[in-house]
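Please read these numbers as outputs of a predicted model, since none were measured by experiment. We name chains A, B, ... by the order of the sequence lines, and we start the count at 1 in each one.
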Protein chains: 2
Amino acid sequence: MLDLIELLFFAYRNFVSDPDEILHGFGFGRAHHRVLHFVNRHPGMRVTDLLDILRITKQSLGRVLRELVDQGFIDSRAGASDRRQRLLYLTPKGEELTREFVAIQSRRIQRALEESGTDSRDLVRRFLVAMIDPEDRSPTEKLIARADQAVEARSLVRGPTAG
Amino acid sequence: MLDLIELLFFAYRNFVSDPDEILHGFGFGRAHHRVLHFVNRHPGMRVTDLLDILRITKQSLGRVLRELVDQGFIDSRAGASDRRQRLLYLTPKGEELTREFVAIQSRRIQRALEESGTDSRDLVRRFLVAMIDPEDRSPTEKLIARADQAVEARSLVRGPTAG
DNA sequence: CATTTATGTCAGCCATGTTGACTTTTTTCG
DNA sequence: CGAAAAAAGTCAACATGGCTGACATAAATG
């Protein structure tokens with residue numbers, strides 16, 4: 001297993017370096033990437049939801065979130081039904097930036113799947129899920145499913161060719 | 001691909017948290033884990049080799065390496081043929097600690113491979129290699145091969161049942 | 001009205017990266 | 001031999017992104 005332990009290290013390092021380089025030009029770092037990524041996936045999410053996903057403290061998140069809001073990458077609106085909540089959305093500027101690193105990371109994964117063989121996607125997906133702590137798997141898969149459904153819903157509203 | 005991007009994040013986070021927890025008891029962190037891991041894999045490696053693998057600065061490495069040597073987890077001996085070199089070895093204490101996190105990470109991978117299906121190992125390995133930057137792949141695979149061969153050589157010297 | 005919840009903020013600390021400058025020891029090469 | 005290069009180590013200062021603890025405010029809830 002030692003080879004796979006190391007390959008995970010090397011692969012992940014390259015994988016996260018893609019967005020790192022893009023964000024470095026804006027004075028942002030890895031922490032900003034994560035925030036942008038999950039706000040993109042769950043538009044209108046609460047700050048608390050983001051804290052649960054990232055598993056960092058409010059203070060750590062607060063720092064990067066403030067920078068992203070101040071510089072116009074994220075919009076933070078009070079909730080309609082519960083006005084204590086701050087619901088997080090990407091601005092057009094934030095969407096544009098997010099598209100960049102989603103694209104580059106998707107390309108890397110796509111290439112790797114093609115090189116590793118036909119029908120590798122399902123197996124790789126199952127492997128990654130199984131690498132997650134058992135108690136976290138179901139919540140994680142539900143989170144991903146909810147995000148995917150929301151994308152689907154938005155694309156139906158805008159029409160099939162709008163995205 | 002968004003689901004795989006996120007699964008990589010969640011899977012890797014759990015994957016590295018295993019050794020993190022073990023090392024936290026010794027006042028060590030992620031940086032110490034990496035050093036111990038690669039010194040275990042390449043006993044007698046030079047400091048320069050380690051710098052090449054980790055891609056961090058001499059100063060960053062120096063800090064954690066000093067702690068590991070001072071506290072008796074790593075032995076640093078002058079090279080026989082080139083006495084400028086410091087060749088790095090795990091002490092018995094370092095070996096014991098290293099065995100712990102190799103074991104826990106191996107168990108996680110083993111479990112994930114079993115759950116993701118028969119013959120998943122080869123495909124997962126190919127996928128991980130293909131996730132690495134093309135120009136880094138060949139050096140990385142050679143590095144892993146050399147480490148595996150050295151393990152093989154050592155086990156032949158000590159006899160097949162010694163390990 | 002008291003309590004809880006969601007959020008934000010100040011202050012300070014820690015781990016681990018970075019740059020830049022410099023030293024010592026040893027090897028290599030013209 | 002002597003100059004240059006290589007391997008390693010060190011000092012100082014700084015950045016990023018984690019952390020704890022203590023509070024403050026607004027709004028919902030019972």
Side-chain angles (χ1 to χ4, degrees), chain A residues 9 12-13 16-17 19-39 44-71 74-89, chain B residues 9 12-13 16-17 19-39 44-71 74-89:
Chain A
F9 168 69
Y12 195 79
R13 178 168 70 181
V16 295
S17 76
D20 276 6
E21 282 165 29
I22 293 170
L23 287 159
H24 190 252
F26 295 85
F28 291 153
R30 202 159 295 184
H32 303 82
H33 171 220
R34 289 172 186 159
V35 171
L36 288 169
H37 178 93
F38 285 106
V39 172
M45 77 191 306
R46 295 176 307 160
V47 172
T48 303
D49 298 330
L50 194 45
L51 287 173
D52 286 345
I53 291 173
L54 298 177
R55 291 185 188 169
I56 59 176
T57 57
K58 198 171 38 161
Q59 295 90 327
S60 296
L61 175 59
R63 224 161 15 198
V64 302
L65 196 49
R66 182 169 357 122
E67 291 171 350
L68 289 166
V69 170
D70 286 354
Q71 298 186 38
I74 284 186
D75 197 4
S76 166
R77 304 178 216 158
S81 62
D82 184 338
R83 287 169 43 214
R84 289 172 305 180
Q85 299 173 350
R86 291 292 171 274
L87 307 186
L88 306 173
Y89 298 87
Chain B
F9 168 69
Y12 194 79
R13 178 168 71 180
V16 295
S17 74
D20 276 5
E21 282 165 29
I22 293 170
L23 286 159
H24 190 252
F26 294 86
F28 291 153
R30 204 161 294 186
H32 303 84
H33 172 218
R34 288 173 186 158
V35 171
L36 288 169
H37 178 92
F38 285 107
V39 172
M45 77 192 305
R46 296 175 308 160
V47 171
T48 303
D49 299 330
L50 195 45
L51 288 173
D52 286 347
I53 291 173
L54 298 177
R55 291 187 188 166
I56 59 176
T57 57
K58 197 171 37 160
Q59 295 89 324
S60 296
L61 175 58
R63 223 161 14 199
V64 301
L65 196 49
R66 186 174 348 128
E67 291 170 349
L68 289 167
V69 170
D70 286 353
Q71 297 187 38
I74 284 187
D75 198 4
S76 167
R77 306 176 214 158
S81 62
D82 185 338
R83 287 173 38 216
R84 290 173 304 182
Q85 300 172 348
R86 292 291 173 275
L87 308 185
L88 306 173
Y89 299 87

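- Qualifying ring-ring contact (aromatic ring centres under 6.0 Å, His included) partners for A:His33, counting only residues two or more places apart in sequence or in other chains: A:Phe101.
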Give the C-alpha distance, both sets of side-chain angles, the deciding distance and a yes or no for side-chain contact (heavy atoms from CB on, under 4.5 Å) between A:Met45 and A:Ile53.
CA-CA 11 Å; A:Met45 77 191 306; A:Ile53 291 173; 3.7 Å; yes

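- Between atom CD1 of residue A:Ile22 and atom OG of residue A:Ser17 there is a gap of 10.0 Å, rounded to the nearest 0.5 Å.
- Under 3.5 Å, the side chain of B:Arg84 and the base of C:dT25 form no donor-acceptor pair of N or O atoms.
- Annotation: proximity of residues 75-83 of chain B to DNA chain C (heavy atom, distance under 4.0 Å) is found for B:Ser81, B:Asp82, B:Arg83, numbered in ascending order.
- Between B:Gln85 atom CD and B:Ser76 atom OG the span is 11.0 Å, to the nearest 0.5 Å.
- Not counting sequence neighbours, B:Asp52 has no partner by the salt bridge (charged side-chain N to carboxylate O under 4.0 Å, His left out) test.
- Scanning DNA chain D 5' to 3' for nucleotides with an atom closer than 4.0 angstrom to a non-hydrogen atom of chain B gives a first and last hit of D:dA6 to D:dC11.
- At a non-hydrogen distance threshold of 4.0 Å, A:Arg55, A:Ile56, A:Thr57, A:Gln59, A:Ser60, A:Arg63 from residues 46-68 of chain A come into contact with DNA chain D.
- A pairwise comparison of heavy atoms in A:Ile56 and A:Leu51 identifies O-CD2, 3.6 Å as the closest pair.
- The nearest whole Å value for the distance from the CZ atom in B:Arg86 to the P atom in C:dT27 is 11 Å.
- Residues B:Phe26 and B:Gln71 come closest through the heavy atom pair O-OE1, 4.3 Å.
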Derivation of the side-chain contact (heavy atoms from CB on, under 4.5 Å) call for B:Leu88 and B:Val35:
CA-CA 10 Å; B:Leu88 306 173; B:Val35 171; 5.8 Å; no

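- Residue A:Arg86 holds its CZ atom at 15.0 Å from CG of A:Leu50, rounded to the nearest 0.5 Å.
- The shortest non-hydrogen separation linking A:Leu54 to A:Arg34 is CD2-CB, 3.8 Å.
- We find that CG of A:Asp70 is positioned 12 Å from P of C:dG8, with the value rounded to whole Å.
- Scanning all heavy atoms of the two residues, the minimum distance from B:Leu68 to B:His32 falls at CG-CD2, 3.9 Å.
- Contacts between residues 21-33 of chain A and DNA chain C, defined by a heavy-atom separation below 4.0 Å, involve no residue at all.
- When all heavy atoms are compared, the tightest approach of A:Gly79 to A:Leu87 is CA-CD1, 3.8 Å.
- Taking every heavy atom of both residues into account, B:Ala31 and B:Val64 meet most closely at CB-CG1, 3.7 Å.
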